[in-house]
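Throughout, a chain's letter reflects where its sequence line sits, starting with A, and its residues are numbered from 1.
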Protein chains: 2
Amino acid sequence: MIGGVAEVESGETAGEDGGPSNGGPPGEKVRQRGPRRDAADNRDRVLDAAATAVRREGIAVPMATIAADAGVGVGTVYRHFPCREALLNALTHRSFELVLAAATRAAEANADAGEPGVEAVRRFLDRTVEHGGDLVMPMRGGPPALDERTVAVQSAVHAQLRALLQAGVRDGSIRADVTAGDLVIFGALLTERLPHVADWNTAARRVIDVYAAGLAPTAPPLRSTPVVPSPS
Amino acid sequence: MIGGVAEVESGETAGEDGGPSNGGPPGEKVRQRGPRRDAADNRDRVLDAAATAVRREGIAVPMATIAADAGVGVGTVYRHFPCREALLNALTHRSFELVLAAATRAAEANADAGEPGVEAVRRFLDRTVEHGGDLVMPMRGGPPALDERTVAVQSAVHAQLRALLQAGVRDGSIRADVTAGDLVIFGALLTERLPHVADWNTAARRVIDVYAAGLAPTAPPLRSTPVVPSPS
DNA sequence: GCTTAAACGGAAGATATCGTCCGCTTAAGT
DNA sequence: ACTTAAGCGGACGATATCTTCCGTTTAAGC
């Protein structure tokens with residue numbers, strides 16, 4: 001359930017300064033060797049443990065718990081992430097990258113197979129449910145301050161989804177008045193398996209299917225009146 | 001935005017022991033007078049402040065912050081709620097009562113006006129979005145241990161929604177393969193206004209409309225194949 | 001195998017938060 | 001107006017958690 005995650009963000013840990021193109025000049029000490037293997041492993045382990053722990057105990061889970069779950073000392077956690085917030089940000093970032101990957105794959109598959117656009121959307125949403133546990137978005141009730149890089153990934157997701165929808169509109173399988181933001185909202189739901197809902201996967205798929213059915217241009221038109229505050 | 005909340009749960013604070021039917025027998029000291037008015041006010045104010053604070057800062061918001069926001073001392077908070085968890089439970093309880101009220105009203109309106117069942121569902125979901133801010137469900141990442149009374153309200157919600165759906169199936173406006181749990185899942189989404197989604201209300205209504213459209217029995221059938229783990 | 005710098009672990013100091021306690025205030029009967 | 005008990009506030013001792021620091025361990029290059 002955690003296995004295939006690391007590769008998604010491979011390359012971001014090392015290539016931070018545009019390459020080791022240092023002739024050796026003055027004052028500036030740049031990283032000579034890449035990170036040790038055990039260090040890289042530990043970083044991933046911490047991230048995985050944090051994802052699980054946050055899902056289990058919420059965003060306020062103690063760093064010590066995360067460290068213990070990862071099988072490392074607290075010091076190691078702080079070596080990789082300067083502070084709690086940095087760790088949570090990294091978590092969020094990883095989640096968005098997974099979502100981006102799902103959106104991208106859905107778009108590609110769609111382009112290749114020439115199936116209706118709505119199918120690509122459906123596949124994207126399915127993937128989101130599948131990833132479920134790995135998608136930890138500590139934005140809920142926590143530090144909503146997404147860092148720069150994460151915002152970038154987020155935009156990429158939007159762009160990818162926009163493309164997906166447009167393809168669907170073009171081939172006539174999706175109504176024109178749906179936005180990428182709608183899909184993000186919908187997808188965010190799917191990352192939050194409500195603890196008390198039994199049979200989550202099945203139920204989630206049903207919700208997806210109903211939504212997908214509603215995407216058809218032949219379905220009833222959307223209302224135009226605004227949602228009123230409280231018509232008593 | 002908080003105004004009409006108190007009455008929903010009026011009566012629960014006082015009538016806890018089945019009525020003041022004490023002839024005066026032995027040892028047992030029962031509450032003689034109801035709660036003072038200022039006390040009741042403060043309880044509500046604390047609850048409101050807690051709802052806002054939790055939404056703003058997350059479930060880990062300090063009790064001191066809640067107290068300050070409510071304009072009372074910490075002591076007062078602890079007078080009304082024995083511990084942090086009790087306060088969060090009360091919050092959850094209140095949320096569910098709001099949802100229950102929305103579901104009940106939707107069902108009644110539907111019975112009276114004789115409109116299609118799917119409209120009642122749509123109205124219910126709309127109400128959920130309207131309440132938005134008041135619906136704080138600290139179940140996410142927090143103490144998921146719902147207390148007995150809250151679970152009862154939750155069941156009532158399910159029952160009401162089940163009735164709503166059945167009516168829709170009967171009048172032919174809703175497909176038969178949707179469950180009350182589906183609506184709960186969907187509704188839960190709507191209580192979580194993602195901070196970064198602009199124009200939330202409009203977007204949420206669009207999502208609702210698409211879902212409602214998908215509820216029509218004429219829409220494409222739901223898939224029967226399970227969501228596969230990862231078809232590479 | 002040896003050297004070295006990176007990485008590790010966990011104790012400990014600094015903070016933050018909890019929940020209690022108790023003297024003062026106030027609503028509500030008489 | 002007076003009495004009384006409920007209610008209030010916020011300082012305070014007890015924890016819980018964060019983050020730093022540094023002696024020890026280990027991967028990687030020679």
Side-chain angles (χ1 to χ4, degrees), chain A residues 13-14 16-17 20 22 24 28-47 49-50 53-54 56-91 138 141-143, chain B residues 13-14 16-17 20 28-47 49-50 53-54 56-91 138 141-143:
Chain A
T13 306
E16 199 65 72
D17 50 295
N22 57 320
E28 271 289 309
K29 207 153 205 176
V30 265
R31 185 188 287 266
Q32 296 288 73
R33 299 187 252 190
R36 260 204 246 169
R37 185 169 327 150
D38 59 345
D41 285 355
N42 276 338
R43 187 179 192 275
D44 285 344
R45 240 185 286 164
V46 168
L47 227 31
V54 165
R56 189 181 62 235
E57 300 186 30
I59 207 169
V61 58
M63 296 293 263
T65 301
I66 295 174
D69 285 5
V72 305
V74 256
T76 301
V77 174
Y78 279 96
R79 163 164 289 273
H80 291 292
F81 307 96
C83 62
R84 164 184 213 67
E85 195 181 353
L87 174 55
L88 294 178
N89 270 333
L91 228 46
Chain B
T13 307
E16 198 64 72
D17 49 296
E28 269 290 309
K29 213 159 200 173
V30 266
R31 186 188 286 265
Q32 295 290 72
R33 299 187 253 188
R36 258 205 248 170
R37 185 166 325 151
D38 60 344
D41 285 355
N42 275 338
R43 187 180 191 274
D44 285 343
R45 240 185 288 165
V46 168
L47 228 29
V54 165
R56 187 183 60 234
E57 300 186 30
I59 205 169
V61 57
M63 296 293 260
T65 301
I66 295 173
D69 285 5
V72 304
V74 254
T76 301
V77 175
Y78 280 99
R79 162 164 291 271
H80 291 292
F81 307 96
C83 63
R84 166 187 212 67
E85 194 181 352
L87 174 56
L88 294 178
N89 270 332
L91 227 48

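Distance check: A:R56 CZ to A:D69 CG gives 5.0 Å after rounding to the nearest 0.5 Å. Note that CZ of A:R45 and CG of A:D38 are 9.0 Å apart. Values are rounded to the nearest 0.5 Å. Distance CG/B:D44 to NE2/B:H80: 9.0 Å, rounded to 0.5 Å.
Going from atom CZ of B:R43 over to atom C1' of D:dC8 covers 17 Å, rounded to whole Å. In this structure, A:D38 places its CG atom 19 Å from P of D:dT24, rounding to the nearest Å. Distance CG (A:D69) to P (C:dG9): 14 Å, rounded to an integer number of Å. Summarising the geometry, the separation between CD1 on A:I66 and C1' on C:dG10 is reported as 17 Å, rounded to the nearest angstrom. Remark: P of D:dT19 and CG of A:L87 are 10 Å apart, rounded to the nearest angstrom. A:D41 has its CG atom 14 Å from the C1' atom of C:dC8, to the nearest Å.
Looking at every heavy atom in both residues, B:R84 comes nearest to B:A60 through NH2-C, 3.3 Å. Shown here for B:F81 and B:A90, the closest heavy-atom pair between the two residues is CE2-CB, 3.7 Å.
For the OP1/OP2 pair of C:dA7 and a distance below 4.0 Å, the side-chain nitrogens and oxygens of A:T76 include no atom meeting the criterion. Side-chain N/O atoms of A:N42 include one lying less than 4.0 angstrom from OP1 or OP2 on C:dC8. At the phosphate of C:dC8, OP1 or OP2 sits under 4.0 Å from a side-chain N or O atom of A:H80.
Across C:dC18, D:dC18, C:dA7, the shortest atom-to-atom separation from the side chain of B:M63 is found for C:dC18. Taking only side-chain atoms of A:P35, from C-beta outward, the nucleotide of C:dA27, C:dC18, C:dA7 with the closest atom is C:dA7. Of the candidates D:dA28, D:dC8, D:dA11, D:dA28 carries the atom nearest the A:R37 side chain, counting heavy atoms from C-beta on.
Summary of the strand contacts: B:Y78 and A:R36 both lie near DNA chain C, and taking for each the nucleotide with the nearest heavy atom, the more 5' one is attributed to A:R36. Looking at which nucleotide of DNA chain C each of A:R79 and A:G75 is closest to, the 5′-most match is held by A:R79.
Not a single donor-acceptor contact under 3.5 angstrom links the side-chain atoms of A:R84 to the base of D:dT19.
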